[in-house]
Amino acid sequence: MYQPAPPPPAPSAPPRRRTPLMVAGALGVAAVVGLAGAVGGTTVVAGTPTAVEGIAAQASLPNLYGDGSSNGSPGDGQLSPGYGRGDQGYGGPGFAVPGDGGSSGNGYSGDGSTGSGSEVPVTAEQQVGLVDIDTELAYQGAAAAGTGLVLTGDGKVLTNNHVIAGSTSITVTVVSSGRTYRATVVGADVKDDIAVLQLTDASGLTTANFGTSQNVSVGDAVTGVGNAGGDGGTPSAAAGVVSALNQRITTQAEGAAAGETLTGLIETSADIQAGDSGGPLFNADNQVIGIDTAASEVSGQSVNGYAIPIDTALGIATQIVSGDESDGVRLGYPAFLGVQVQSATTGTGSGAGRGRSGSGTTTATSGAVIAGVVDGSPAADAGLTAGDTVVGIDSTAVSTADGLSSVLAGHRPGDSVTVTWLDVAGAQHSASVTLVQGPAA
């Protein structure tokens with residue numbers, strides 16, 4: 001998962017390495033940069049978790065990251081140039097994720113050189129069907145970069161969901177030709193960290209050399225390839241072996257954000273780096289057997305990479321392309337109300353849309369307190385302001401930020417809904433709004 005540079009200025013396309021999660025005992029394969037307080041830096045929501053998670057597992061590991069007031073510690077020779085950390089709430093897509101935290105810092109780690117033990121030259125064969133993915137996260141004032149694989153000649157691309165989560169625009173560059181396309185989200189499975197993109201006006205593309213993960217064994221030689229560092233150009237390649245199968249990694253809770261879990265992963269000794277997310281894990285025959293997704297750090301030293309088995313990834317991609325919204329798959333983009341919220345059930349609201357935390361005093365006893373409103377959004381046009389408390393959508397009562405999230409998750413861009421809210425004086429208001437397209441979920 002991105003590559004940031006010490007501010008100022010922030011790099012335009014930071015690399016992503018990891019899943020959209022923060023792995024407990026693991027470093028995410030993504031990084032984020034340039035997190036400005038685009039919406040006041042208070043809380044997340046009205047949107048699914050974005051790609052600003054997945055930067056570091058802070059609890060039990062040495063902190064390689066700055067805390068926002070100082071530089072991070074020097075790189076350890078395995079992660080270079082180090083990945084910035086700065087979690088930020090945002091007025092995300094139409095369904096609210098509880099969270100009220102603003103930026104937690106923009107520290108960056110030092111200049112440790114990249115470990116060369118597993119680095120190998122990338123081959124021409126490994127670059128076939130490989131793409132670099134660059135995203136803008138306008139509501140966070142951030143950018144990110146990752147990797148993907150061409151699924152079809154007409155421009156469908158497979159990647160990790162966390163590579164594009166929270167994005168407001170996506171560009172994809174085909175490595176073999178250097179041609180760049182705009183891309184849209186066909187659909188995604190957030191819980192399994194898979195997404196499919198569609199390149200605009202693409203045709204005649206060469207697909208990646210997909211194999212099968214069915215016969216993968218411990219000890220098999222593998223190579224992880226991707227857009228390490230998020231800089232584009234010649235891909236990086238890291239050789240290793242399959243060290244374990246059917247692995248389970250748990251994302252670390254931060255603030256009030258619950259941890260999540262990925263299962264059935266291939267573990268490898270290949271040095272998967274930030275920006276490699278969504279890229280291929282090749283077998284000795286240069287067939288794709290996995291999608292690089294996460295990397296773990298053991299005792300602050302060695303790094304293990306984790307990949308989603310390609311059979312799993314292609315199965316989910318087939319479901320997305322077929323338009324089947326079951327088992328956690330969501331097609332297209334979520335609806336967008338344009339508010340930051342926190343629950344009003346306690347004196348101090350707190351929580352996080354994965355990796356964001358903070359607090360805010362509330363006066364209501366029930367509802368979703370608005371901590372910020374995105375300029376030009378449906379919420380702003382309706383007259384909602386910070387401090388108001390949403391208590392209903394249409395005929396459904398809203399008692400928490402999660403409740404607002406659940407209600408809005410059932411809607412699509414273009415749907416009209418009636419929002420009912422209380423202002424800071426306790427007066428009730430309602431207005432009809434048309435939900436718009438939000439950032440990628």
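Please read these numbers as outputs of a predicted model, since none were measured by experiment. Residues take their numbers from the sequence shown, with the count starting at 1.
No side-chain N or O of Ser416 forms a donor-acceptor pair with one of Ser432 less than 3.5 Å apart. No side-chain donor-acceptor contact under 3.5 Å links Asp402 and Thr400. Side-chain polar atoms of Asp154 and Thr152 form a donor-acceptor pair below 3.5 angstrom. Between the side chains of Glu267 and Ser243, at least one donor N or O sits under 3.5 Å from an acceptor N or O.
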| task | Please report the C-alpha distance between Val433 and Asp381 in whole Å, then the side-chain angles of each, then the deciding distance to 0.1 Å, and finally whether the side-chain contact (heavy atoms from CB on, under 4.5 Å) criterion is met. | result | CA-CA 8 Å; Val433 303; Asp381 291 344; over 6 Å; no

| request: Quick one: do Asp134 and Thr171 satisfy side-chain contact (heavy atoms from CB on, under 4.5 Å)? Show the steps, please. | output: CA-CA 5 Å; Asp134 293 287; Thr171 56; 3.6 Å; yes

| salt bridge (Lys or Arg N to Asp or Glu O under 4.0 Å) between Arg182 and Glu136: does it pass, once the steps are laid out? | CA-CA 12 Å; Arg182 284 286 181 183; Glu136 293 181 6; 5.8 Å; no

| said: With side-chain contact (heavy atoms from CB on, under 4.5 Å) as the criterion, how do Val175 and Asp132 come out once you've worked through the C-alpha distance, each side chain's angles and the decisive distance to 0.1 Å? | reply: CA-CA 7 Å; Val175 171; Asp132 294 337; 3.8 Å; yes

| message | Please determine whether side-chain contact (heavy atoms from CB on, under 4.5 Å) holds for the pair Thr173 and Arg179, giving the CA-CA distance in whole Å, both sets of side-chain angles, and the decisive distance to 0.1 Å. | response | CA-CA 6 Å; Thr173 301; Arg179 183 170 179 182; over 6 Å; no

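Using a 4.5 Å heavy-atom threshold, the side chains of Val329 and Ile194 count as separate. Between Ile310 and Ser213, some side-chain heavy-atom pair lies under the 4.5 Å cut-off.
Across Leu197, Val157, Leu199, a single residue satisfies side-chain contact (heavy atoms from CB on, under 4.5 Å) together with Ile170, and that is Leu197. Between Thr293 and the choices Leu265, Leu262, Ile266, Leu281, the side-chain contact (heavy atoms from CB on, under 4.5 Å) rule is met once, by Leu262.
Taking the six-membered ring where tryptophan is involved, the planes of Tyr139 and Phe336 are tilted, since the angle between them lies from 30° to 60°.
The CG atom of Leu314 lies 6.5 Å from the CG atom of Leu151; values are rounded to the nearest 0.5 Å. Taking OG1 from Thr389 and CD from Gln428, the interatomic distance works out to 11.5 Å, rounded to the nearest 0.5 Å. Here CG of Leu137 is found 10.0 Å from CD1 of Ile164. Values are rounded to the nearest 0.5 Å. Taking CG of Leu435 as the start and CG of Asp415 as the end, the distance is 6.0 Å to the nearest 0.5 Å. If you take CZ on Arg412 and CZ on Arg330, they are separated by 5.0 Å, rounding to the nearest 0.5 Å.
Asn227 contributes no side-chain N or O that, together with a main-chain N or O of Thr147, makes up a donor-acceptor pair within less than 3.5 Å.
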